[in-house]
Number of protein chains: 2
Amino acid sequence: MTKDPEDNDAPPNQPERFQQARAAQAMAILEDYAEMISDLIEEMGEARITDIASRMGVTHPTATKAVARLKREGLAVSRPYRGVFLTDEGADLAERVRARHRTVVDLLVAVGVPPETAEMDAEGLEHHVSETTLKAFERYLDAAAAK
Amino acid sequence: MTKDPEDNDAPPNQPERFQQARAAQAMAILEDYAEMISDLIEEMGEARITDIASRMGVTHPTATKAVARLKREGLAVSRPYRGVFLTDEGADLAERVRARHRTVVDLLVAVGVPPETAEMDAEGLEHHVSETTLKAFERYLDAAAAK
DNA sequence: ACAAGAATGTAGCCAAGGCTTTAAAAATAC
DNA sequence: GTATTTTTAAAGCCTTGGCTACATTCTTGT
Ligand SMILES: [Mn+2]
Ligand SMILES: [Mn+2]
Ligand SMILES: [Mn+2]
Ligand SMILES: [Mn+2]
């Protein structure tokens with residue numbers, strides 16, 4: 001069943017696929033923290049390091065580092081011992097991420113995934129859903145709604 | 001619109017969701033390399049470091065490190081200057097990963113995502129699809145096939 | 001007002017996964 | 001059979017994202 005070593009069935013864009021997946025992953029933490037900070041400000045009026053850390057399931061120094069990266073990238077601002085706030089750009093990102101998260105969960109449920117599981121999986125999946133795919137999901141959900 | 005700081009709308013299992021996403025991500029590279037090594041052996045009779053690297057879109061020292069980790073985890077074996085081979089466990093993983101990858105692509109396409117985009121996104125998405133979700137995808141595809 | 005507790009900051013460790021550079025070995029061409 | 005090219009190996013650097021341990025600063029209760 002082994003083929004001739006000469007031929008090569010690999011899709012020519014395979015490296016790009018992996019590179020794309022790695023790029024998406026590099027954004028994932030930024031996205032989750034931005035969304036979380038936005039959630040906390042909405043729910044509790046401010047986003048404190050302790051709360052961010054506890055909801056993300058990490059220790060507080062890890063949360064501090066992530067916030068430092070958000071600040072470095074111009075997505076958040078904060079001063080020592082005060083809460084964390086999002087810049088306009090950060091708030092914008094958070095909003096897009098939140099909407100995408102919802103769409104992903106909705107699509108999973110629409111396709112038969114149990115809601116609990118949908119929420120679980122969406123947390124990782126969302127970061128790899130491209131604009132094109134997101135649009136397709138929305139069309140599918142619209143069509144299903146207008147059933 | 002700001003709520004009372006007392007209350008807390010966060011789902012109680014939110015930390016677990018993020019931890020689960022991180023755990024899935026930690027497996028992602030192992031999974032992709034196992035699948036790739038399996039592909040190369042099928043297509044070309046052997047999996048050489050150079051070919052692994054070029055298909056993964058990384059430099060060869062990076063591929064060497066990844067293979068070292070696969071070996072450390074008992075998924076692959078290799079000797080200097082010979083190709084890389086999968087253990088039974090590694091081959092098993094590769095087969096599951098390959099099947100899951102196909103299912104994810106198929107579901108995306110079934111839901112209206114263009115095939116090219118489906119292939120792109122699946123490379124990242126697949127690693128976050130749980131068993132439960134995968135089963136749901138299969139049921140959906142079966143139902144659609146028997147439309 | 002101040003002591004105790006909670007929150008935050010800081011330093012430093014680790015593993016993973018990228019990279020470049022240099023060296024050795026193998027394969028190929030002549 | 002030797003020289004050149006290709007492949008592999010090895011060393012070492014960097015960033016990210018986890019962690020623990022310790023120090024500092026707020027906040028709160030009395
Ligand atoms: Mn997420
Ligand atoms: Mn999310
Ligand atoms: Mn993949
Ligand atoms: Mn794959």
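We name chains A, B, ... by the order of the sequence lines, and we start the count at 1 in each one.
To the nearest 0.5 angstrom, A/Ser54 atom OG is 13.0 Å from A/His60 atom NE2. Here A/Thr132 contributes atom OG1 and B/Asp121 contributes atom CG; the two are 7.5 Å apart, rounded to the nearest 0.5 Å. The line from CD of B/Glu31 to NE2 of B/His127 is 5.5 Å long, rounded to the nearest 0.5 Å. Taking CG from B/Leu108 and OG1 from B/Thr103, the interatomic distance works out to 11.0 Å, rounded to the nearest 0.5 Å.
Looking only at side-chain heavy atoms (C-beta outward), B/Tyr81 and B/Ile49 stay at 4.5 Å or farther from each other. Side-chain contact between B/Arg22 and B/Gln19 is present, with at least one heavy-atom pair separated by less than 4.5 Å. By the 4.5 Å heavy-atom criterion applied to side chains, B/Asn13 and A/Glu116 are counted as neighbours. Side chains of A/Glu138 and A/Leu141 form no contact here, defined as non-hydrogen atoms less than 4.5 Å apart.
No option in A/Glu73, A/Lys65, A/Lys71 other than A/Glu73 meets the side chain to side chain contact (heavy atoms under 4.5 Å, CB included) test with A/Arg69. With B/Arg98 as the partner, the side chain to side chain contact (heavy atoms under 4.5 Å, CB included) test is satisfied by one option alone out of B/His101, B/Arg96, B/Arg102: B/Arg102.
Nucleotides of DNA chain C with any atom under 4.0 Å from a heavy atom of chain A span, from 5' to 3', C/dA7 to C/dG18.
With side-chain heavy atoms closer than 4.5 Å counting as contact, directly or through intermediates, the hydrophobic cluster containing A/Val109 also holds A/Val105.
The stretch residues 58-73 of chain A touches DNA chain D through A/Val58, A/Thr59, A/Pro61, A/Thr62, A/Lys65, A/Arg69, A/Arg72, each having a heavy atom within less than 4.0 Å of the strand. Proximity of residues 18-39 of chain B to DNA chain D (heavy atom under 4.0 angstrom from any strand atom) is restricted to B/Arg22.
Partners of A/Arg48 according to the salt bridge (charged side-chain N to carboxylate O under 4.0 Å, His left out) rule, which considers only residues two or more places apart in sequence or in another chain, are A/Glu46.
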I'd like a list of close polar pairs between nucleotides 1-7 of chain D and the protein, N/O only, cut-off under 3.5 Å.
residue: D/dT7; atom: O3'; partner: B/Arg48; partner atom: NH2; Å: 3.2

